[in-house]
Amino acid sequence: MSSRPIRTRFAPSPTGSLHIGGLRTALFNWMFARQHGGQFILRIEDTDQKRFDPTALQTLIEALRWCGLSWDEGPEVGGALGPYVQSERLAHYHRWANWLIDQGKAYKCFCTPERLEQVNREKAARKEPPGYDRFCRSLTPEQIAEKEARGEKYVVRFKMPLEGQTIVHDLIRGDVAFENHTIQDMVLLKSDGFPTYHLAVVVDDHLMEITHVMRAVEWLPSFPLHVQIWQAFGWQMPQFAHLPVILNPNGKGKLSKRNPPRDKHGHVIPVFVHDYMQAGYLPEALDNFLANIGWNFGDNREVFAIAEAIERFDLGRINPANSTFPTEKLDWLNGEHIRRLSATDLAQRLRPLLAAAGLAVNDATLMQVVPVVQTRLKVLNDVVDLAGFLFRDPAAFAAPAADILIQKKLDAATTRRLLEESIRLIETGSAFDHASLHEAFKALAETLAVSNSALFGTLRVAVSAQAISTPTFETMEILGRDETLRRLRLALPVVS
RNA sequence: GCCCCAUUCGUCUAGCGGUACAGGACAUCGCCCUCUCAAGGCGGAAACAGGAGUUCGAGUCUCCUAUGGGGCACCA
């Protein structure tokens, strides 16, 4: 086995936003490289001009960086074996395609798309599998010269062996055998001069000295083709691992933007990394989550930092079976990671969200709010609904409606009395921290012969104007004595 | 239609011939805690797709069937 330094790559095509499944592929390649002290390369496969999206590269880079991935070579960072964008590497593909033709391992095909369609129609009528009939494979040099002289456009096709089988080795599944005659003479170079994936991936992985390729199982069927191309070139192959795909939780097929997946409550499950960024998921949680699909930490540990996972990562322990996107687990994991954050760290992540919601974020208040919301957030954005009222202009505060103010088993008159007694207590009391308030109001509930639930709930809603909110006394402490009193008084007319 | 891959609780998974009346997690249900919502604690229910083999012994190996998935482009 070779002792080449480990080099892996992630090679997306810039056709849109980064897909969550793509991120997992990137993550595994990156973890593997980091584990072995090797290099991770980002390569852009923009050989399909029809699907090219000029904004995709920036979006992609942003998403990868947000997740904590870093590449040693690629766009933005350069490298000795670049360029790392395939559209800038056309000369390489032409050179090696021509080399294959010279060696008799590939040929020019002048068949028009119309003829190809015709061939497939006829094959379909005869109930044969679709595919090119290899018409141009047997063209004479004279015929070829003639067509070229006439300026006919051509593609370059690979001369697939017609007999025997190709045995490929996958790190996850072991050896897999394919009959050569079932594999077509695939196009290597398109008539527009751009390579197809099949040519570009082999040439680039070789030139960039890639040692390990982790890619989606979708590629397994074309793996024997790639092996044949590698052998035609006589180059040393990387090792391959075909990663299981993530399936749509409700419907059929793999997770994709068409056929939007939905969870059991009917909510759409996002498929783009950017959706998760915007929804208030932590990159730590997303990485943890993705590393847990098809691979596991071991020791029955579900929650871990990606740095820990890198130490333990093991290609041989990847589960070969596809898996359904376990969306509820991500929510749980996100909560776990939120709870593991330090107060200042959480505050920093919350600040921009509150600001974006149009709230005036005061740092002192924020630091008081953080410990109160930390166990209550599923996603960061939840903070706006839960505790946004603590940052709103007091002048804009409106007393709650009676239906949420009046607690279960209470009526308006009793509620009013609870409020009045509470106001009196606060006016005469001294300490205004939540622990002292809690004690004082427990005593009040007892003297008034009402449950804690009734009294505390009334106060909480009076002061927050929300049915669901931060706890009563912490909320009061954050609001301060004056504002608390003001809000309790504002609630009186509601129950008069 | 043809080729390939896969198949353990609802879901993500552990298991790599005997230590297993199959372990963990999410979700779910019950109880506790509790001012709402969470968090936390305790407990319950819940799986080897089916059938043949191989073997003293099979969740683990082989084959068949079924089911799921992927591929069959001048897309990646």
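Convention: sequence-line order gives letters A, B, ...; per-chain numbering from 1. Computed from a predicted structure; not experimentally measured.
Contact annotation for A/K378: no contact, since no heavy-atom pair falls under 4.0 Å across all strands. Residue contacts for A/Q374: at a heavy-atom cut-off of 4.0 Å it reaches no nucleic acid atom on any strand shown. Looking at heavy-atom distances under 4.0 Å, A/Q49 makes no contact with the nucleic acid at all. When heavy atoms are screened at a 4.0 angstrom cut-off, A/P326 is found touching the sugar-phosphate backbone but no base atom. Nucleic acid contact for A/F178: sugar-phosphate only, since backbone atoms but no base atoms lie under 4.0 Å from a heavy atom of the residue. Within 4.0 Å (heavy atoms only), A/P195 reaches sugar-phosphate atoms of the nucleic acid but no base atom. Among the protein residues, A/A177 comes within range of the sugar-phosphate backbone only, with heavy atoms under 4.0 Å from sugar or phosphate atoms but none that close to a base. Across all strands shown, A/P320 has heavy atoms under 4.0 Å from sugar-phosphate atoms exclusively, and none from any base. Counting non-hydrogen atoms under 4.0 angstrom, A/R51 reaches a base of the nucleic acid. If you check every strand for non-hydrogen atoms under 4.0 Å, A/V155 touches a base. When heavy atoms are screened at a 4.0 angstrom cut-off, A/R301 is found touching no nucleic acid atom at all. At a threshold of 4.0 angstrom between heavy atoms, the contacts of A/G298 with the nucleic acid are absent. Nucleic acid contact class of A/S469 (heavy atoms, under 4.0 Å, all strands): base. Residue contacts for A/E45: at a heavy-atom cut-off of 4.0 Å it reaches the sugar-phosphate backbone alone, with no base atom in range.
Between A/H242 and A/F223, the distance from one ring center to the other falls under 6.0 angstrom.
Put simply, the side chain of A/D170 never gets that close to the backbone of A/V176: no donor and acceptor are under 3.5 Å apart. A distance-only check finds no donor-acceptor pair linking the side chain of A/R460 to the backbone of A/T472 [under 3.5 Å].
Scanning atom types as modelled, one donor and one acceptor separated by under 3.5 angstrom connect the side chain of A/T472 and the base of B/rC35. Judged by distance alone, with hydrogens and angles left aside, A/T375 brings no side-chain donor or acceptor close enough to the base of B/rA39 to form a pair under 3.5 Å. Donor-acceptor pairing under 3.5 Å, judged by distance alone, is present between the side chain of A/R376 and the base of B/rC37. One cannot find a donor-acceptor pair under 3.5 Å joining the base of B/rG1 and the side-chain atoms of A/E128.
The 5' end of RNA chain B is approached more closely, in terms of each residue's nearest nucleotide, by A/T324 than by the other of A/T324 and A/A11. Of the two residues contacting RNA chain B, namely A/Y197 and A/N120, the nearest-nucleotide position lying further toward the 5' end is that of A/N120.
Ion pairing of A/R51 with A/D46 is absent here, as no side-chain N (NZ or NE/NH1/NH2) approaches a carboxylate O to less than 4.0 Å.
Ranking B/rC74, B/rG24, B/rG69 by closeness to the A/S191 side chain, first place goes to B/rC74.
Regarding contacts with the backbone of B/rA14, a side-chain N or O of A/N319 is found under 4.0 angstrom from either OP1 or OP2. Distances shown here put a side-chain N or O of A/T47 below 4.0 Å from the OP1 or OP2 atom of B/rA76. Between A/R339 and the phosphate of B/rA38, there is no side-chain N or O to OP1/OP2 separation shorter than 4.0 Å. Here A/N322 does not reach the OP1 or OP2 of B/rA6: none of its side-chain N or O atoms lies under 4.0 Å away. Between A/S222 and B/rC72 there is no side-chain polar atom (N or O) within less than 4.0 angstrom of OP1 or OP2. Side-chain N/O atoms of A/K190 include one lying less than 4.0 angstrom from OP1 or OP2 on B/rC75.
Under the Watson-Crick or G-U wobble criterion, with both distances below 3.5 Å, B/rG43 is paired with B/rC29. In this entry B/rU7 has B/rA66 as its Watson-Crick or G-U wobble partner, both defining distances falling under 3.5 Å. Both distances falling under 3.5 Å, in either a Watson-Crick or a G-U wobble arrangement, occur for no nucleotide opposite B/rC16.
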Check against side-chain hydrogen bond (donor to acceptor under 3.5 Å, both in side chains), A/N180 and A/T166: CA-CA 6 Å; A/N180 289 153; A/T166 301; 2.5 Å; yes

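Of the options A/F313, A/F28, A/F289, a ring-ring contact (aromatic ring centres under 6.0 Å, His included) to A/W295 is made by A/F313 and by none of the others.
A/Y276 and A/F325 have tilted rings, their planes meeting at an angle from 30° to 60° on a 0 to 90° scale.
Rounded to whole Å, the separation between the C1' atoms of B/rA14 and B/rA47 comes to 13 Å.
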